Amino acid sequence: MADPDDSSSQRRLADLAALAQQIAAVQGTGGESGPLPPPAPLAPLPQMTLARGRVHELTGPARTTLAALAAAVAQAEGPVLWLRPGWRNEQLCPQGLRALLPDPGALIVVPCAKPVDVLWSLEEALRAGCVALVLADLAEAPDLRALRRLHLAAGEGLARNRQAGRALPAPLGLVMACDSADSRIAGVESRWALHPLAPTPDARRHRWRLDRLLTRSQPPRDWEIDGGPLPEGTSCMPLGPDEDLRDVA
């Protein structure tokens with residue numbers, strides 16, 4: 001009978017070998033032209049950069065708005081998939097999405113039957129490499145092993161496209177908790193939060209605070225974001241602590 005410790009060690013070695021192959025593929029020679037340059041990060045906001053082939057977390061009371069901003073940029077590069085818990089009553093607000101997305105009708109929203117289906121669909125979509133961005137609303141926080149699988153899947157999808165000579169789409173994943181505006185999912189590449197601020201009555205403009213909570217090479221920081229003029233007839237009251245595009249047009 002095989003030693004369970006040996007089987008576990010073999011699986012870890014296999015995972016490391018697969019990761020090394022993906023990194024080598026992404027950083028391949030590219031023929032006579034030399035090494036292929038790494039894909040540029042996705043930049044939903046000037047202060048915010050998201051590394052390709054990795055999984056990042058969005059938090060804060062306006063995390064759904066931040067997800068829509070990321071989708072707006074990614075739509076120019078390829079399909080955007082949004083995975084949502086199908087057993088919940090909350091739905092995305094089409095009017096709110098129209099204010100942020102160039103083409104809300106092109107957004108692919110997929111209701112999933114169970115929490116495990118959200119993670120499975122996220123992993124498979126990243127591995128396929130055929131989408132520019134995969135967003136996932138999570139009812140349960142994944143463990144470190146699940147996050148590692150997601151990172152590997154995103155790297156594999158990125159490597160597959162580059163081996164085929166396709167610069168785009170360059171897939172990445174964004175995860176966010178359904179019920180918590182202050183989630184801390186372990187193992188993500190970076191973590192960002194968006195908070196609504198009260199608009200100034202005289203200027204009547206949207207205002208937000210963007211927080212960089214976690215990255216591998218930069219310290220935490222926050223910025224105040226000018227979100228543009230308020231629509232005519234809109235109240236100057238800020239959103240409540242748990243409101244976002246699921247509830248407010």
Side-chain angles (χ1 to χ4, degrees), residues 39-86 88 90-112 118-119 121-138 150 153-154 157-158 161 166-178 181 183 185 188-196 206 208 210-212 225-228 239 243-249:
L42 187 74
L45 294 168
Q47 302 84 357
M48 182 181 183
T49 56
L50 303 169
R52 311 281 186 159
R54 304 293 289 174
V55 177
H56 310 260
E57 182 183 12
L58 304 182
T59 69
R63 57 194 178 280
T64 308
T65 298
L66 188 55
L69 292 172
V73 176
Q75 275 192 335
E77 304 176 358
V80 175
L81 189 67
W82 198 320
L83 307 171
R84 312 198 71 248
R88 299 174 64 92
E90 297 90 342
Q91 301 293 327
L92 294 170
C93 176
Q95 291 84 356
L97 289 174
R98 187 175 60 182
L100 296 171
L101 285 172
D103 187 3
L107 183 66
I108 305 170
V109 180
V110 180
C112 300
V118 179
L119 286 178
S121 300
L122 175 58
E123 182 178 341
E124 291 302 311
L126 290 172
R127 180 175 289 113
C130 57
V131 294
L133 175 66
V134 189
L135 302 157
D137 284 306
L138 302 179
L150 294 175
L158 182 60
N161 284 351
R166 296 188 295 269
L168 296 174
L172 66 88
L174 290 178
V175 295
M176 50 198 150
C178 293
S183 64
I185 298 175
V188 294
E189 181 74 11
S190 69
R191 182 178 298 117
W192 302 81
L194 190 66
H195 302 264
H206 287 293
W208 311 90
L210 175 68
D211 295 345
R212 184 176 65 205
I225 305 296
D226 183 350
L239 297 181
E243 291 180 311
D244 54 33
L245 292 182
R246 290 172 296 191
D247 312 301
V248 179

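What you see is a predicted model, and the numbers here were worked out from it, not measured in a lab.
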Legend entry - Distance-minimising heavy-atom pair for H56 and A51: NE2-O, 2.9 Å
Legend entry - V110 side chain reached by S121 side chain, heavy atoms, under 4.5 Å: no
Legend entry - Between CG on residue L119 and CG on residue L150, distance to nearest 0.5 Å: 6.0 Å
Inset, instruction - Check for a donor-acceptor pair, side chain of R63 on one end and backbone N or O of A193 on the other, with a separation under 3.5 Å. - result: no
Legend entry - Spatial distance of atom CG (L58) from atom CG (D137) [nearest 0.5 Å]: 9.5 Å
Inset, instruction - Please report the shortest heavy-atom distance between Q47 and L210, naming the atom on each side. - result: CB-CD2, 4.1 Å
Inset, instruction - Indicate yes or no: at least one non-hydrogen side-chain atom of V73 is less than 4.5 angstrom from one of L133. - result: no
Legend entry - Donor-acceptor under 3.5 Å (E57 side chain, I185 main chain): yes
Legend entry - Shortest non-hydrogen separation from L126 to G173 and the atoms involved: CD2-N, 3.8 Å
Inset, instruction - Hey, could you give me the CG/CZ distance between D103 and R98, rounded to the nearest 0.5 Å? - result: 12.5 Å
Inset, instruction - Would you name the heavy atoms of P61 and A181 that are closest together and state the gap between them? - result: N-CB, 3.8 Å
Legend entry - Minimum heavy-atom distance between A71 and L135, given as atom pair plus value: CB-CD1, 4.2 Å
Legend entry - Derivation of the side chain to side chain contact (heavy atoms under 4.5 Å, CB included) call for L42 and R52: CA-CA 7 Å; L42 187 74; R52 311 281 186 159; 4.0 Å; yes
Inset, instruction - State the CG-CG distance between L174 and L83, to the nearest 0.5 angstrom. - result: 11.5 Å
Legend entry - Rounded distance (nearest 0.5 Å) linking atom OG of S183 with atom CZ of R191: 7.0 Å
Legend entry - Polar side-chain atom of R84 near backbone of E90 as donor-acceptor pair, under 3.5 Å: yes
Inset, instruction - Apply the test side chain to side chain contact (heavy atoms under 4.5 Å, CB included) to residues L107 and Q75: give CA-CA distance (whole Å), side-chain angles for both, the deciding distance (0.1 Å), then the verdict. - result: CA-CA 8 Å; L107 183 66; Q75 275 192 335; 4.2 Å; yes
Inset, instruction - Verify side chain to side chain contact (heavy atoms under 4.5 Å, CB included) between L66 and M48, making sure each step is shown before the conclusion. - result: CA-CA 10 Å; L66 188 55; M48 182 181 183; 3.8 Å; yes
Inset, instruction - Drop me the distance from T65's OG1 to W208's CH2, to the nearest 0.5 angstrom. - result: 4.5 Å
Legend entry - Neighbour count >12 (heavy atoms, 6.0 Å) for atom CZ, R166: yes
Legend entry - Check: V134 and P171 side chains under 4.5 Å, non-hydrogen atoms: no
Inset, instruction - With the side chain counted from C-beta on, respond yes when L50 and S190 share a heavy-atom pair under 4.5 Å apart, and no when they do not. - result: yes
Legend entry - Closest non-hydrogen atom pair, T49 against P41: CB-CB, 3.9 Å
Inset, instruction - Applying side chain to side chain contact (heavy atoms under 4.5 Å, CB included), run through T59 and D211 and close with a yes or a no. - result: CA-CA 9 Å; T59 69; D211 295 345; over 6 Å; no
